[in-house]
Structures are given as C-alpha cells and as structure tokens.
Amino acid sequence: FDENIIKQIEPRSGMLRKMIGDSEKHQKAFLGGTERFVGNDHTDLIAQIPAILMQYYQNDLISEEVAKSWGGKASKKYVDISTSRKVRKAAEK
C-alpha cells in the first residue's frame, strides 16, 4: 500500500483474504500493521482511518467484533502508545 490505500484495498482484497482468513489473531495483526503504516510512515492518512477500516470491513478482511475490540484500547505492540491513541481516536469517527 501507499498513500492511495483506500483505492488499493478492493483490488487486493482476494489476496489479503487468503492471507488473513477468519483468524482473529491475523485480523488483529493486519490492523496493527495498518496502525504502523499510518502512524509511522504516512501520518497524513490518520484522518482517513475510518474510510480504511470501512474498506477492510466491506471487503471481509476484518470482522466487526475485531474492529471494535481493536479500537477499544491503545497498544504499544506495533507503535508507541501516543501514536496508537491518535490512530484509534481517529477510528472512532
């Protein structure tokens, strides 16, 4: 992905679905990777997190339950805690 991530999700969704599957662990890791991508490499995309998450959900890459649990609490697993808070706060919109 790059700064055009929203447009790139749907064409790549088949491949991503095969990699992620129905595993909650893989879905959370995918969200963590997105958090790292947006929080560290493309901070200008933080405002687009709701649209990115919606694309993930609409393309069956993440479940609603995983998205809700991920957004509920900041984590320092993939990025520093302040960046995690920023990304997850943007996801609430």
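Here the structure is a predicted model, which means the values were calculated and not measured.
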Between [X] and [Y] (side chain of the first, backbone of the second, donor and acceptor by atom type, cut-off under 3.5 Å), is there such a pair?
X     : Y     : result
Ser84 : Val79 : no
Glu3  : His42 : no
Asn59 : Leu61 : no
Arg85 : Ala74 : no

At what distance, to the nearest 0.5 angstrom, does [atom1] of [X] lie from [atom2] of [Y]?
X     : Y     : atom1 : atom2 : value
His26 : Ile20 : NE2   : CD1   : 9.0 Å
Leu53 : Arg88 : CG    : CZ    : 10.5 Å
Met15 : Lys18 : CE    : NZ    : 10.0 Å
Met19 : Phe30 : CE    : CZ    : 7.5 Å

Shortest non-hydrogen separation from [X] to [Y] and the atoms involved:
X     : Y     : result
Ala67 : Ile62 : CB-CD1, 3.8 Å
Trp70 : Ala91 : CZ3-CB, 4.0 Å
Arg12 : Phe1  : NH1-N, 3.4 Å

Contact between Phe37 and Leu45 at the side-chain level, heavy atoms closer than 4.5 Å - yes or no?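 Yes; the side chains approach each other to less than 4.5 Å.
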Flag if over 12 foreign heavy atoms under 6.0 Å of CG, Asp22: no
Looking at Gln8, I'd like to know if its CD atom is crowded, meaning that more than 12 non-hydrogen atoms belonging to other residues, nucleotides or ligands lie closer than 6.0 Å.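 Check passes, neighbour count above 12.
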Test log, rule side-chain contact (heavy atoms from CB on, under 4.5 Å), inputs Leu31 and Tyr56: CA-CA 9 Å; Leu31 289 171; Tyr56 287 171; 4.0 Å; yes
Is Lys28 paired with Glu24 through a side-chain N to carboxylate O contact shorter than 4.0 Å?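 Yes.
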With Ile46, which of Thr83, Val38, Ile52 fulfils side chain to side chain contact (heavy atoms under 4.5 Å, CB included)?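 So, applying the side chain to side chain contact (heavy atoms under 4.5 Å, CB included) to Ile46 and each of Thr83, Val38, Ile52, only Val38 qualifies.
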